[in-house]
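Heads up, the thing below is written out as C-alpha cells.
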Amino acid sequence: QLELVESGGGLVQAGDSLRLSCAASGRSFTNWRMGWFRQAPGKEREFVAHISRVDMTTYYADSVKGRFTISRDNAKNTVYLQMDSLKPEDTAVYYCAATDIPTTVPTEYVYWGQGTQVTVSS
C-alpha cells in the first residue's frame with residue numbers, strides 16, 4: 001500500500017504560481033513512477049505530468065508544457081508540481097498518483113491521493 005497526501009492548493013490570480021506537494025508513505029517510493037492529474041467540475045480526469053522513478057525523466061500534457069514542472073525528491077518521498085503562469089482554465093482538483101508503467105491513462109495508476117483544490121481567478 002502506498003498512501004499519498006497532496007497539499008499546496010489554494011486560490012490565486014491569473015499569472016500567479018503555486019507549488020503542489022504530494023507526500024508518500026508506505027511501500028517504497030522509488031518503486032513507482034509518479035503522476036499528476038486534474039479534474040474540473042463536469043469534466044473527466046485529465047493527465048498533467050509524470051516523472052520516472054530515478055532518472056527523473058518527465059512528460060507533460062501539451063496544455064501545461066512550459067508552465068508546469070514536475071519533480072521528485074526520493075529522499076523525502078515527495079513529488080512536486082510547480083505551476084507558473086496559471087490560467088483560469090487550470091482551475092481543478094489536482095491529484096497525485098502512482099504507477100509502475102509510463103502512462104498517461106488514469107486507470108493505469110494504482111494509488112491516488114485525495115486531491116487538492118486549485119482555483120485561478122481572472
Side-chain angles (χ1 to χ4, degrees):
Q1 186 77 11
L2 186 71
E3 295 184 359
L4 303 174
V5 179
E6 301 96 336
S7 61
L11 172 63
V12 297
Q13 294 186 333
D16 286 351
S17 298
L18 272 179
R19 189 175 83 153
L20 305 183
S21 299
C22 173
S25 61
R27 297 180 66 181
S28 180
F29 183 61
T30 54
N31 285 348
W32 303 96
R33 299 173 178 266
M34 299 299 298
W36 285 96
F37 289 78
R38 65 187 182 186
Q39 189 165 19
K43 294 188 176 181
E44 294 187 351
R45 194 162 294 189
E46 175 189 24
F47 168 77
V48 174
H50 70 58
I51 187 166
S52 62
R53 296 176 183 86
V54 177
D55 66 6
M56 310 298 177
T57 301
T58 58
Y59 182 76
Y60 297 92
D62 287 344
S63 58
V64 306
K65 199 174 296 182
R67 299 189 299 120
F68 290 12
T69 303
I70 187 172
S71 61
R72 66 191 292 168
D73 185 335
N74 288 337
K76 295 182 178 179
N77 288 357
T78 302
V79 60
Y80 304 97
L81 186 67
Q82 176 67 41
M83 305 186 294
D84 298 320
S85 302
L86 281 162
K87 304 175 181 180
E89 51 263 44
D90 295 319
T91 295
V93 177
Y94 282 72
Y95 299 89
C96 70
T99 182
D100 56 0
I101 59 174
T103 180
T104 64
V105 179
T107 55
E108 294 177 335
Y109 281 74
V110 178
Y111 298 108
W112 290 84
Q114 83 290 348
T116 185
Q117 176 71 46
V118 172
T119 303
V120 184
S121 63
S122 58

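Counting begins at 1 with the first residue of the sequence. The structure presented is a predicted model; accordingly, all values stated were derived computationally and were not measured.
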Taking C-beta and beyond as the side chain, do V118 and L18 meet within less than 4.5 Å on heavy atoms? yes

Answer with yes or no whether the side chains of S17 and D84 bring together a donor and an acceptor at under 3.5 Å. yes

From M56 atom CE to I70 atom CD1, the distance as rounded to the nearest 0.5 Å: 10.5 Å

Is there a path of hydrophobic side-chain contacts, each under 4.5 Å between heavy atoms of I/L/V/M/F/W/Y residues, joining V79 to V110? yes

Ignoring hydrogens, what is the shortest heavy-atom contact between A92 and R38? Give both atom names and the distance. CB-CB, 3.8 Å

Please indicate whether Y59 has more than 12 foreign heavy atoms, meaning atoms of other residues, nucleotides or ligands, lying under 6.0 Å from its OH. no

When rounded to the nearest 0.5 Å, the distance separating NE2 of H50 from OG1 of T58 is 9.0 Å

Between E108 and T103, a side-chain donor and acceptor under 3.5 Å: yes

Using 4.0 Å as the upper bound for N to carboxylate O, is an ion pair formed by D100 and R53? no

Going by an N to O cut-off under 4.0 Å, is there a salt bridge joining D62 and K65? yes

Centre of Y95's six-membered ring, under 6.0 Å away, within 45 degrees of the axis: is that where NZ or CZ of R45 sits? yes

Should V93 and M83 be counted in the same cluster of Ile, Leu, Val, Met, Phe, Trp and Tyr side chains packed under 4.5 Å apart? no

Roughly how far, to the nearest 0.5 Å, is CH2 of W36 from CD of E46? 14.5 Å

In Å, rounded to the nearest 0.5 Å, how long is the span from CD of Q82 to OG of S71? 8.0 Å

Return the minimal non-hydrogen interatomic distance between A24 and L2, and the atom names on each side. CB-CD1, 4.1 Å

Could you check whether T119 and Q117, counting side-chain N and O atoms only, form a donor-acceptor pair closer than 3.5 Å? yes

Approximate separation, where rounding is to 0.5 Å, of Y80 OH and T69 OG1: 14.0 Å

Rounded to the nearest 0.5 Å, how far apart are CG of L20 and OH of Y94? 7.5 Å

Are F47 and F68 connected into the same hydrophobic cluster when the rule is that any two of I, L, V, M, F, W, Y join if their side-chain heavy atoms are below 4.5 Å apart? no

Applying a strict under-4.5 Å side-chain criterion to I, L, V, M, F, W and Y, I'd like to know whether F29 and L81 cluster together. yes

Looking at side-chain heavy atoms only, is the closest gap between R67 and D90 below 4.5 Å? yes

Heavy-atom pair of closest approach, residues T99 and I101: CG2-O, 3.1 Å

Check whether W32 forms a cation-pi arrangement with R72 (NZ or CZ under 6.0 Å from the six-membered ring centre, at most 45° off the ring normal). no

For the student: nearest non-hydrogen atoms of M34 and A98, plus distance: SD-CB, 3.7 Å

Closest heavy-atom pair, T78 versus S21, reported as atoms and distance to 0.1 Å, is CG2-CB, 4.3 Å

Ignoring hydrogens, what is the shortest heavy-atom contact between V64 and V48? Give both atom names and the distance. CG2-O, 3.6 Å

For the residue pair W112 and F37, categorise the inter-ring angle as parallel (less than 30°), tilted (30 to 60°) or perpendicular (more than 60°). tilted

